[in-house]
Amino acid sequence: MPMDLALQERLTARIKALRDARSTDLAAATYQLPAADYTDASLLAREVERLFATGPVLAGLSADAPAPGDWFSFEACGRSAVLWRAPDGRLRAFVNACRHRGMRVASGHGHADGVLVCPYHAWSYDREGRLASMPGRAGFSDVATTDLGLRGLSVTEHAGLVYVGFTPGPTGAADLGGAEAELVGFDLASYHRIERREHRFATNWKLTIDSFMEAYHLHFLHAETLRPIFHGNLSAFDAFGRNCRIVGVRRSFDALEDGGGLLPHVTLLYQLFPNAVLIYQQDHVELYQSFPDPADPHACEVRVTLYAPQAPTGDRERDYWTRNLDLIDDVTTTEDFAACEKIQANLRAGAVPFLVLGRNEPGVAHFHRTLHEVLGTNSKGAPSCT
Ligand code: FES
């Protein structure tokens, strides 16, 4: 069951009341966000260090490596890990750097039953990360191979989400703030990864996350694409610790009868702190991950991955999902992230000193308040005095 029926009924009642009142979930007050939050290089350095260099950060879904032997690489802010599922079903994570001359051992995703082989000179590593073999052993006769295993990283897997920490040694589990109780119901581990796409944008990474977090813009920025499908400025917001859930409402909700299931009529969006957005649709799941360019507050990389409940059985199904992803990618790229780039250009030019988050944008405010709390910064992005 993707979502508990009692919870669906409670959300349905809430959304109906909001819709009938021509309102949406409101924060207690508006929130002024300094433009510097998106442009300040020292804040970016703090974000990279506190959020991405240590983690835990969402590397992907269990579906990225569903079976023993499956592996995938994960890059964030210049760091790279390889995650490899062992015969016992557990994921192991390693620094993705060969101990010979530092090559990335694995890139993308794939399957390896016995060893991972570095593509440069074919040093190989076993499932524990130990150096298993090297061609031309005589050339390294005076080094101890036991000292040359892949460096281990912490990895946790829960509710179909995979988190990794880039600092060798224990990093701690991701704090889902209670959202895991809902996410478990989606059975994300049973999904099939269809395709991942990566894009670079000339905008701060946080603006791309902001763009998912309110329904206020739907009827304006997406007048031709999403307006016919969704209610505008109507959503239900709930915080789960650092994370949150935002329920977007389809127009078909208006025809929902008492006792009918809510899920076909909404989009469930989970913002997974700090940089991921998981969107549960009725027939698929989208995962967005946004990563700062560690050297430039005005640039980021966004990855979108589409997962389906079952693997495609033929070209027709594959084409269906490709077209689906084309559509999603087109709307976000040419409308949402294109808007982010224009905003970033203005912020960079000093056009406005601060942004005003409305009471009807509680998700955006929650994200930024949480960031400042975790980073230990005040609302101007400087270290907090308290
Ligand atoms: S760098 Fe990996 S085998 Fe040489």
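Ligands are counted one by one from 1 in listed order, and the atoms in each one are counted from 1 as well.
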* List every atom of ligand 1 that sits less than 4.0 Å from any heavy atom of Trp123, numbering the atoms from 1 in the order shown and giving each element. => 3 (S)
* Report the member of Met134, His121, Arg104, Met103 with the shortest heavy-atom distance to atom 4 (Fe) of ligand 1. => His121
* For Phe140, does the CZ atom have more than 12 heavy-atom neighbours from other residues, nucleotides or ligands under 6.0 Å away? -> yes
* Asked: For ligand 1, which atoms have a heavy atom of Ala122 less than 4.0 angstrom away?
  -> 3 (S)
* When you measure from atom 1 (S) of ligand 1 to every protein heavy atom, which one gives the shortest distance, and what is it? -> Arg101 N, 3.4 Å
* To do: Could you tell me whether Arg90 atom CZ has more than 12 heavy atoms of other residues or ligands within 6.0 Å of it?
  => no
* Asked: Which atom, among the N/O/S set of His100, is closest to atom 4 (Fe) of ligand 1?
  -> ND1
* Structure fact -> Near Tyr120 (heavy-atom distance under 4.0 Å), the atoms of ligand 1 are 1 (S), 4 (Fe)
* Structure fact -> So the angle subtended at atom 2 (Fe) of ligand 1 by Cys118 atom SG and Cys98 atom SG, rounded to 10 degrees, is 110°
* Asked: Is the CG atom of Asp20 crowded by more than 12 outside heavy atoms at less than 6.0 Å?
  -> yes
* Structure fact -> ring pair (Phe, Tyr, Trp, His ring centres under 6.0 Å) test vs Trp205 passes for just one of Phe52, Tyr288, Phe291, namely Phe52
* Asked: Under 3.5 Å, is there a donor-acceptor pair linking the side chains of Ser235 and Glu214?
  -> no
* **Donor + acceptor pair across side chains of Asp64, Tyr307 (<3.5 Å)** => yes
